[in-house]
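Just so it is clear: chains get the letters A, B, ... in the order the sequence lines come, proteins before strands, and each one is counted from 1.
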Number of protein chains: 2
Amino acid sequence: MQFYNVKSVEETLAIIKQHVAPINATVTLPLPEARGHVLAEDIIAPEDVPGFDRSTVDGYAVKAQDTYGSSESTPQFLEVVGEIEMGEEVTQRLQGGQAMAIPTGGMLPPGSDSVIMVEYCENMDGLLNTYRQVAPMENVIQKGEDIRQGDKLLAKGTRLRAQELGALASLGITEVTVYRPIRVGYLSSGDEIVPFQTKRLQVGQVRDINQLTIAALVEEWGGEVILGGIVPDEYETFKWTAQRLFEQVDFLVLSGGSSVGAKDYTTEVIQSLGDPGVLVHGVSIKPGKPTIFSMAGNKPVLGLPGHPASAMLIFLLFGQTAMGRLQGETEHNIPRRIEARITQNIASSPGRSDYIRVRLVEREGEWWAEPVLGKSGLISTLVASDGVVEIASVKEGVRQGEWVPVLLLR
Amino acid sequence: MQFYNVKSVEETLAIIKQHVAPINATVTLPLPEARGHVLAEDIIAPEDVPGFDRSTVDGYAVKAQDTYGSSESTPQFLEVVGEIEMGEEVTQRLQGGQAMAIPTGGMLPPGSDSVIMVEYCENMDGLLNTYRQVAPMENVIQKGEDIRQGDKLLAKGTRLRAQELGALASLGITEVTVYRPIRVGYLSSGDEIVPFQTKRLQVGQVRDINQLTIAALVEEWGGEVILGGIVPDEYETFKWTAQRLFEQVDFLVLSGGSSVGAKDYTTEVIQSLGDPGVLVHGVSIKPGKPTIFSMAGNKPVLGLPGHPASAMLIFLLFGQTAMGRLQGETEHNIPRRIEARITQNIASSPGRSDYIRVRLVEREGEWWAEPVLGKSGLISTLVASDGVVEIASVKEGVRQGEWVPVLLLR
């Protein structure tokens with residue numbers, strides 16, 4: 001067993017990514033219920049979208065070459081031979097010198113290759129005056145231009161947003177196979193911790209806040225929470241409760257008891273869950289140093305510091321990374337971090353990553369990060385915060401006006 | 001009735017903010033179910049948090065003045081008179097020259113004013129050697145330092161994130177009054193539109209994609225969707241269906257039929273729902289010009305363009321704003337927009353806001369926005385996009401390397 005095997009934030013993230021693999025359980029969901037889930041299969045387009053050449057404007061389907069040289073003063077003249085209805089298959093072939101009225105989204109008749117907008121022509125008793133020329137395929141979306149049959153539309157590991165659901169719907173796909181939501185177990189420990197529902201506290205007691213904050217973050221990221229309650233600082237009870245919860249979940253999160261103290265059983269309990277056991281014991285981060293990361297078989301276990309603000313930050317950094325890996329999500333680019341300018345100098349110790357709670361304020365189109373003062377144990381400072389500024393371990397601090405990365409607290 | 005009363009994006013947003021007010025319906029929810037909801041009441045702290053002076057470290061509770069002048073070479077010596085247990089009320093008063101062992105989170109004994117960390121002292125058979133001095137209140141969170149009884153902790157209009165739930169839990173608040181989730185009705189129109197479940201399309205038909213994308217966005221923002229199905233381009237059916245759906249919802253969204261065409265009944269249907277009626281008919285935006293915003297009584301109605309990508313963008317811009325107002329959410333600072341540098345020159349027409357789909361790529365700690373090419377009707381371009389760059393109507397375009405605002409597509 002290793003005690004205070006302290007790692008940097010970057011090392012801890014690398015260890016999590018190295019050890020945590022996607023769960024091997026999938027579920028098939030109807031498309032309208034699949035939002036936020038992660039695809040467990042590649043999606044190959046079974047057909048072309050659109051399935052026919054469509055007009056993108058209201059106008060007249062023409063052969064582009066029939067319009068060449070058209071201008072306000074020298075229009076070309078085409079014979080209007082019909083009107084295309086929406087949703088209707090058109091079989092009549094367009095001949096040279098002909099045009100057909102077409103609505104936005106209508107199907108181009110065979111023989112036509114472009115559409116002239118209604119604004120740039122005039123129908124005079126069946127004779128169409130064209131005041132502009134159009135190029136082939138102008139104002140047309142071609143068959144298969146959006147999605148081509150046989151192409152890989154979406155890769156396994158894609159989290160389904162509104163637009164992915166739309167793309168699947170456009171292909172007539174009505175259900176998808178996704179990883180089942182991961183189950184995260186959460187257990188608080190500490191003799192002083194009482195259920196948050198406790199109306200009147202005895203002196204010395206504190207309510208279980210982390211249960212609410214961690215559960216909210218798990219649900220926000222698409223997981224299910226299984227609450228294990230609160231255990232006292234008593235080794236056998238703690239171990240028995242943790243082991244029972246561990247069996248039901250994909251990822252176990254414990255809070256409290258991770259400092260080096262007389263009643264610190266957390267490391268022993270975590271170690272008892274299985275091998276390889278504790279991989280990180282202490283992270284060079286402020287706040288949040290007494291963080292534990294362990295693997296028991298293929299399940300990650302995270303020991304959070306007890307202070308609510310530290311626990312939330314650590315779960316944002318490491319818990320979200322572990323959940324993303326378990327859920328099979330491919331890394332993507334959507335920023336959880338933005339750049340902002342810091343409103344004041346902040347000192348920091350090299351060799352340690354510092355996280356400063358900040359309020360974001362927009363000034364002349366730029367984001368400024370304004371530190372929220374207060375000790376790390378204060379939940380009220382998080383309520384006042386929009387994000388946390390990350391001062392990397394290689395830095396000795398930041399200067400007023402400097403651009404800094406801000407991890408967003410949504 | 002006004003036709004093509006074209007407004008800028010800014011004017012349209014101002015009209016929405018001016019006309020849409022919070023719904024007057026609230027619901028009381030247990031705290032664990034309140035995530036993402038908006039408070040319909042101010043929260044006044046009923047007690048102090050913490051309820052007692054707490055230690056933030058493992059160490060010894062002392063009187064700070066007893067440690068003054070301590071150093072490695074010249075320690076002070078204090079008598080250890082007890083050990084504080086977690087969760088226990090301490091009644092024994094600390095006298096001058098005394099110290100008591102205290103764990104992180106433990107209650108300070110009366111008479112003590114600070115805690116010396118276990119690393120900076122040594123207990124030699126009941127005699128504590130202090131190797132550093134501490135200041136009054138060092139390593140202590142004072143009673144009420146996090147939240148003070150009687151203070152307004154949260155204001156009406158606050159959307160509840162993880163940290164707000166934590167702060168409420170710390171006060172023993174078990175349920176909150178929030179605005180009930182708003183109900184958004186969605187109806188597609190068009191003779192060519194068929195349910196997305198349709199397995200084999202006839203030529204000329206397209207599946208109803210917007211139903212999926214708009215419903216996903218509404219749910220993502222905490223609303224409930226009521227689907228009205230698909231109506232053909234037939235005035236009476238359209239009007240009857242829209243009116244029936246309108247009665248059930250707080251906000252009605254229609255898609256399709258909003259261009260000026262022979263079968264454009266959308267404006268008439270919207271106008272029939274009530275006064276004051278259509279306020280915006282056409283927005284100087286690309287894509288998305290044929291957008292309608294209307295008020296029927298106190299309910300907003302939004303007519304979206306039919307193209308999926310345009311419909312999504314317009315709903316992101318205007319639908320989200322209307323939903324936020326209906327839900328009573330106070331404006332807040334969490335960025336939906338970030339700044340990124342554009343990878344190529346883009347031309348734009350002054351007098352029109354242009355939205356360019358982009359992929360975000362991180363290069364040396366900076367976000368770069370790389371345009372995703374393709375016509376606005378293509379859902380596949382949205383699948384490839386992380387956001388849209390906004391080129392304001394006053395600009396004639398942007399130059400390669402310029403910082404531009406990106407509206408994120410999560």
Side-chain angles (χ1 to χ4, degrees), chain A residues 31 35 50-52 56 58 86-89 103-105 107 141 146-147 161-167 169-170 172 174 190-192 196-199 201-207 209 212-213 216-217 219 233 259 261 306 308 312 333-335 338 360 367 375 377-380 382-383 386 410, chain B residues 31 35 50-52 56 58 86-89 103-105 107 141 146-147 161-167 169-170 172 174 190-192 196-199 201-207 209 212-213 215-217 219 259 261 306 308 312 333-335 338 360 367 375 377-380 382-383 386 410:
Chain A
L31 204 54
R35 182 180 66 85
F52 53 93
T56 61
D58 288 346
M86 285 303 287
E88 195 188 57
E89 176 164 8
T104 303
M107 175 187 174
I141 293 181
D146 197 347
I147 303 170
R161 303 171 294 171
Q163 53 267 51
E164 280 79 25
L165 298 183
S170 74
T174 54
D191 287 339
E192 80 283 19
F196 77 88
Q197 296 91 341
T198 308
K199 272 296 163 205
L201 293 183
Q202 290 170 33
V203 176
Q205 294 183 331
V206 293
R207 298 190 180 90
I209 300 179
L212 266 286
T213 55
L217 292 176
E219 286 170 6
D233 286 325
S259 69
M312 235 189 100
N333 288 321
I334 294 285
I338 69 159
L360 288 168
W367 287 109
K375 301 186 179 119
L378 307 184
I379 185 87
S380 56
L382 275 181
V383 168
D386 300 315
R410 296 192 207 290
Chain B
L31 205 53
R35 182 180 65 86
F52 53 92
T56 61
D58 288 346
M86 286 301 290
E88 194 188 56
E89 176 163 9
T104 303
M107 176 186 174
I141 293 181
D146 197 349
I147 303 170
R161 303 171 294 172
Q163 53 266 53
E164 280 80 25
L165 297 183
S170 75
T174 54
D191 287 339
E192 80 284 19
F196 77 88
Q197 295 91 343
T198 307
K199 274 294 163 205
L201 294 183
Q202 290 170 33
V203 176
Q205 294 183 330
V206 293
R207 297 190 180 91
I209 300 180
L212 266 285
T213 55
L217 292 176
E219 287 171 5
S259 70
M312 237 191 97
N333 288 322
I334 295 284
I338 68 159
L360 287 168
W367 286 109
K375 298 183 181 126
L378 306 185
I379 185 86
S380 56
L382 274 182
V383 168
D386 300 314
R410 294 190 206 292

Residue A:Ser170 versus chain B: region with a heavy atom under 4.5 Å: both
Specify which of A:Gly105, A:Gly166, A:Pro103 makes the most heavy-atom pairs with chain B at under 4.5 Å. A:Gly166
What's the separation between atom CD in A:Glu88 and atom CD in B:Gln205, rounded to the nearest 0.5 Å? 11.5 Å
Examine distances only and state if a side-chain atom of B:Arg161 and a backbone atom of A:Val383 form a donor-acceptor pair shorter than 3.5 Å. yes
Quick one: what part of B:Leu382 sits under 4.5 Å from any heavy atom of chain A, side chain, backbone, both or neither? both
Of all the heavy-atom pairs spanning A:Ala162 and B:Met312, show the shortest one and how long it is. CB-CE, 4.1 Å
All heavy atoms of B:Asp146 vs all of A:Leu378, minimum pair found to be OD2-CA, 3.3 Å
Heavy-atom distance under 4.5 Å to chain A: side chain of B:Gln197, backbone, both or neither? both
Under 4.5 Å heavy-atom distance to chain A, tell me which part of B:Ala167 shows up: side chain, backbone, both or neither. both
Go through B:Thr56, B:Val206, B:Thr198 and name the one with the most non-hydrogen pairs under 4.5 angstrom from chain A. B:Val206
Using non-hydrogen atoms and a 4.5 Å limit, figure out which bit of A:Glu164 sits close to chain B: side chain, backbone, both or neither. both
Separation between CD of B:Gln163 and CD1 of A:Ile379, rounded to the nearest 0.5 Å: 7.0 Å
Shorter than 4.5 Å, heavy atoms on both sides: which option in B:Ala215, B:Ala216, B:Gly204 has the most such pairs with chain A? B:Gly204
Turns out that what part of B:Thr174 lies under 4.5 Å from chain A's heavy atoms comes down to both
